[in-house]
Amino acid sequence: MKKGLRVVFWSLVLGFSSIALVVVFIAASLLLLPDIQQLEKCFTTSMFSVNLCPTSNNYVKLQQISPFAIHAIVASEDGSFYSHKGFDWHELEQSFNANLRSGKIQRGGSTLTQQLAKNAFLSQEKSYWRKVKEAYLAYTIEQKYSKSFILEKYLNVVEFGPNLYGIKAAARHYFHKSPSELNPLESAYLAFLLPNPKVYSKSFRSGQLTPFGRKMVNVILRRMNSFGKLSPAAYHLAVAQLPNFPWTGLSKDAFLGAPSYSLEANKPQVDLPNDSILDEEALEELLKEEEARLHKPPVNEVPAEAQSSEPTYPPPTETEEEVEIE
């Protein structure tokens, strides 16, 4: 009996010691992460080697960005940005369950703060350990900096297309405008690009939006309206002009009721019909559908009777990255 108790005792000791070592290792590793105060200075980001510098020619202050663009990206990428503390627990739970079902890390569930942490300080590695580091950095960033500061840094470092980083470069490349001049349609288009900019920017190169692109832009516009950031009149004008991509000659001033820079959601606009497209899962469902379409076999491998009358597009090349919903 005594021998059995000794075995149990030492097993518990070894177990607790192992847990303690793991905790110490994780704590030490997190403490060795980059100093987030680099965000206040000029530095080169880890993800894509972007020069994130407030004095550079490609940097733009938040107040110099069209509020339409700010609210389109918040509505598309992180609707709870103004209220969370760095994490969207619902999204994290959904992402964990989706990754568990697929057996691989496919869905990110990241807030804008987590995306900033990843782009500025981490690598493209897809692992749960990277997500832990990302979460820790996001928490420390939220504790130290305002939402406006975080959003400004994010908009100056995020990727909008192949070798295209920051909203100033994106506005110039896609629409030959400054960020302050972006109208709701252009803003929604830039927001549409973010989940997979290398692939989704093909619509610009082809000169027309795909059916998926039109749906995404429309949903983003509707979400802006539901957050009180796009008036019904502005929404209806945007929908009427949607087929005219890339909307040459359509100025921001043509859209009545420009929103303020406040990140908090206002009372929802009620002019639009209440249907399922306003649901917060609408963007995610569209992204899932497009991901499935991108991974279908080429048209010549599909039996003729199974082909639809909808336009088809070639599958992604080896350089096209898998869609990661952040």
Side-chain angles (χ1 to χ4, degrees), residues 60-77 79 81-82 148 151-152 155-156 158 160-161 164 166-194 197 200-201 203-275 277-278 282-283 286:
V60 60
K61 297 289 187 181
L62 193 65
Q63 295 294 322
Q64 297 172 326
I65 301 172
S66 166
F68 289 126
I70 291 171
H71 297 307
I73 289 171
V74 170
S76 173
E77 289 289 289
F81 174 71
Y82 71 93
S148 296
L151 189 56
E152 180 176 303
L155 290 171
N156 278 283
V158 69
F160 284 97
L164 192 65
I167 194 167
K168 186 173 183 179
R172 184 169 57 245
H173 175 77
Y174 291 111
F175 302 113
H176 308 290
K177 292 182 174 182
S178 69
S180 65
E181 299 172 312
L182 293 169
N183 67 43
L185 281 163
E186 295 159 343
S187 300
Y189 178 80
L190 293 183
F192 147 68
L193 296 175
L194 293 178
Y200 296 167
S201 60
S203 58
F204 174 78
R205 297 194 290 275
S206 68
Q208 60 181 356
L209 285 174
T210 63
F212 165 69
R214 286 196 298 272
K215 289 178 183 178
M216 285 288 291
V217 170
N218 195 7
V219 171
I220 293 168
L221 291 169
R222 295 183 73 105
R223 283 178 65 80
M224 291 171 68
N225 175 273
S226 71
F227 291 160
K229 301 302 183 182
L230 187 64
S231 70
Y235 170 77
H236 290 305
L237 175 59
V239 170
Q241 293 292 328
L242 187 54
N244 300 326
F245 178 81
W247 314 298
T248 304
L250 191 60
S251 73
K252 181 180 70 173
D253 295 336
F255 296 85
L256 300 177
S260 71
Y261 282 88
S262 171
L263 299 180
E264 293 194 12
N266 297 330
K267 182 179 179 181
Q269 303 287 342
V270 295
D271 186 66
L272 304 183
N274 186 19
D275 60 36
I277 205 168
L278 286 174
L283 287 172
L286 282 173

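The analysis underlying the following values was restricted to heavy atoms, covering all of them including side chains, and did not include hydrogens, waters or symmetry mates.
- Residue Q241 comes nearest to L185 through the heavy atom pair CB-CD1, 3.7 Å, listed as atom of the first residue, atom of the second, then distance.
- Taking 4.5 Å as the limit, every side-chain heavy atom of R214 sits out of range of all side-chain heavy atoms of T210.
- Contact check for I70 versus L155: side-chain heavy atoms found under the 4.5 Å cut-off.
- Using a 4.5 Å heavy-atom threshold, the side chains of F175 and L190 count as touching.
- The closest side-chain heavy-atom distance from N156 to E152 is below 4.5 Å.
- Side chains of N218 and Y235: a donor-acceptor N/O pair is present below 3.5 angstrom, by distance only.
- S76 places none of its side-chain heavy atoms less than 4.5 Å from the side chain of L194.
- The CE atom of M224 sits 7.5 Å away from atom NE2 of H71, with the distance rounded to the nearest 0.5 Å.
- The distance between the ring centers of H173 and F204 falls below 6.0 angstrom.
- When atom types are taken as modelled, the side chain of S206 and the backbone of S203 share a donor-acceptor pair closer than 3.5 angstrom.
- Smallest separation of non-hydrogen atoms from I167 and A69: CD1-CB, 3.9 Å.
- Note on ring orientation: taking the six-membered ring where Trp is involved, the planes of F192 and Y200 are parallel (angle under 30°, cut-offs 30° and 60°).
- Tested against P179 for a side chain to side chain contact (heavy atoms under 4.5 Å, CB included), the candidates E186, Q64, K168, R172 yield a single pass: K168.
- The side-chain heavy atoms of L209 and Y189, taken from C-beta on, include a pair separated by under 4.5 Å.
- Of all heavy-atom pairs spanning I65 and Y261, the tightest one is O-OH, 2.8 Å.
- Annotation: the span from L230 atom CG to H236 atom NE2 amounts to 10.0 Å, rounded to 0.5 Å.
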Please report the C-alpha distance between N183 and D253 in whole Å, then the side-chain angles of each, then the deciding distance to 0.1 Å, and finally whether the side chain to side chain contact (heavy atoms under 4.5 Å, CB included) criterion is met.
CA-CA 8 Å; N183 67 43; D253 295 336; over 6 Å; no
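- Listed by chain and residue number, E159 satisfy the side-chain contact (heavy atoms from CB on, under 4.5 Å) test with P197 (two or more places apart in sequence, or in another chain).
- Contact record, A188 with V217: CB-CG1, 3.8 Å, taken as the closest heavy-atom pair.
- Taking the side chain as every heavy atom from C-beta outward, F255 and L250 approach each other to under 4.5 Å.
- Side-chain contact of S201 with R205: a donor-acceptor pair under 3.5 Å is present, judged by distance alone.
- Nearest heavy atom pair, residue S260 against residue P67, reads O-CB, 3.9 Å.
- The CG atom of L182 sits 10.5 Å away from atom CZ of F68, with the distance rounded to the nearest 0.5 Å.
- Looking at every heavy atom in both residues, S180 comes nearest to K252 through O-NZ, 2.9 Å.
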